[in-house]
Amino acid sequence: MILCRTHVFVDVIVDRVSERILSVTAKKEPKFYTRKEAAEILHVTLPTLARITKDGLLISKRVGSRILYEADAIDEAVKKQVVFKYRRA
């Protein structure tokens, strides 16, 4: 009987913690990287990053005079291990 009540109590705690974690992560705002940060993460130079953006491999956002890259897009490129090689003309 006591074991059954403990099991129910643990389930209630798990449900409440899960709901709280989901509510916190749902309100998460997207993170953006500057050009310099994105180039460092991808291990490329700024001109290569500009070419990658121009070719449409990464999408940038312009906020005022700043160019920003979404963290999700950068992280996805790193996960896929996309190689942005220098191309010779």
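The model shown is predicted, which means the values in this text are computed figures rather than measured ones. Every heavy atom of this structure was used, including side-chain atoms; hydrogens, water molecules and symmetry mates were not.
- For the residue pair Ala73 and Leu58, the shortest heavy atom distance occurs at O-CD2, 4.0 Å.
- For the pair Thr34 and Arg66, the tightest heavy-atom approach, listed with the atom from each and the gap, is CG2-NH2, 3.1 Å.
- Annotation for Ser60 and Ile67: closest pair CB-CG2, 3.6 Å, computed over non-hydrogen atoms.
- Taking a 6.0 Å sphere around CD1 of Ile59, one finds it holds 12 or fewer heavy atoms contributed by other residues, nucleotides or ligands.
- A heavy-atom distance below 4.5 Å is not found between the side chains of Tyr33 and Leu42.
- Grouping the Ile, Leu, Val, Met, Phe, Trp and Tyr side chains by contacts below 4.5 angstrom, directly or via other members, places Leu57 apart from Leu68.
- Not a single donor-acceptor pair under 3.5 Å links the side chain of Glu40 to the backbone N or O of Glu37.
- Under a 3.5 Å cut-off, the side chain of Ser18 and the backbone N or O of Val14 do form a donor-acceptor pair.
- Rounded to the nearest 0.5 Å, atoms NZ (Lys54) and CG (Leu49) are 14.0 Å apart.
- At a cut-off of 3.5 Å, with distance as the only test, a side-chain donor of Thr53 or Tyr69 sits close to an acceptor on the other residue.
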